[in-house]
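These notes concern the structure reproduced below.
Every number for a ligand or one of its atoms is a count from 1 in the order of the listing.
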Amino acid sequence: MEIVKTIKEIRAAVSAGRADGKRIGLVPTMGALHAGHVSLIDRAVADCDFVVVSIFVNPAQFGPNEDFDKYPRDLDADAKVCEDAGADVIFAPSAGEMYPLANCTWVDVEGITDHLCGASRAGHFRGVTTVCTKLFNIVCPDQAFFGQKDAQQAIVIKRMVADLNMPLEIVVCPTVRQEDGLALSSRNKYLTDAELKDALLISKSLKVCARAIAGGEIDSEKLIGLMKSIISGGGVDIEYLSIVDTQTLENVSKVEGQVLVAIAGRVGKTRLIDNIFVDLNK
Ligand code: PAF
């Protein structure tokens, strides 16, 4: 497995693969790879013949008071994970390679980025959609793989690809959880043992919500109340707890068809998100 740092090199590697008739898969990441990322690489390896993992902590998607500086970075450890999972090449550019000039051009998906995480992270999704557009233009993958854990991100990227007729398929893979239910996230590394216990309340509340919906409860206010009763008293400071339409990301008063139950909260200084996708059509 190769590690390349320039756009010229990754384009040459991908062109060679494409010339051999290979189907190209891209797994965009910010590194600090865990089993959730491995599940994306596994899916890419299963669906494609040549798999690129990009590792780039994208400054454009962090706000001024967020964790850009302390975001975990360990290229050697990440390279081992990628190699073991069967990736063909890592693209690990510098910020100067990705943004050689002060950016004048941004990709902004409107409306759906105002809700959930977008409400408190101004400019975050603009940074994500801009860097993903750049990565899609650099790698030209047939498919790109994202995790359901970042549900709003996946919905926003799918919408961008549809709106702008980008010639690739977005594949969204299930959230990977620890045995105790905690959704895997690179930011879990920030949590102390006590905070890890508090963080479990998030997935526990989602599980209870799923059970209540399966038992026939469809009133969003009641479901949100139930979840809050589980979380409150623990060490989670809820930023939002919402039941939303999966297309518009607007709140729904009743669970009908497909909805997303989404939570963001702070445990200590760490911001965590989690969600479940509910499909009552099935
Ligand atoms: O989910 C992430 O790790 C990032 O938001 C992404 C998609 C790699 C863009 O920087």
With heavy-atom distances below 4.0 Å as the criterion, list the atoms of ligand 1 near Phe146.
7 (C)

Hey, which atoms in ligand 1 end up nearer than 4.0 Å to a heavy atom of Val131?
9 (C), 10 (O)

Could Lys80 and Asp84 be called an ion pair, given the rule that one side-chain N must be under 4.0 Å from one carboxylate O?
yes

Only distances under 3.5 Å count here; give the side-chain donor-acceptor pairs of residues 208-217 to other protein atoms, sequence neighbours excluded, each with its distance to 0.1 Å.
| unit_1 | atom_1 | unit_2 | atom_2 | d |
| --- | --- | --- | --- | --- |
| Glu217 | OE2 | Asp219 | N | 3.1 |

Atom indices of ligand 1 within 4.0 angstrom of Pro28 heavy atoms, with elements:
8 (C)

Atom 3 (O) of ligand 1: the protein heavy-atom neighbour that sits closest, reported with distance to 0.1 Å:
Met30 CG, 3.5 Å

Okay, side chain of Ser220, backbone of Val252: is any donor-acceptor separation there less than 3.5 Å?
yes

Between Thr29 and ligand 1, which part of the residue brings a heavy atom under 4.0 Å of the ligand: side chain, backbone, both or neither?
backbone

Contact check: Gln153 vs ligand 1, nitrogen or oxygen atoms, below 3.5 angstrom
yes

Salt bridge check: are Arg177 and Asp274 linked by an N-O gap of less than 4.0 Å?
yes

Atom 9 (C) of ligand 1: nearest protein contact (heavy atom, Å):
Gln61 OE1, 3.3 Å

Any carboxylate oxygen within less than 4.0 angstrom of a Lys/Arg side-chain nitrogen, looking at Arg18 and Asp142?
yes

For Asp88, is there an ion pair with Lys22 - N to carboxylate O distance below 4.0 angstrom?
no

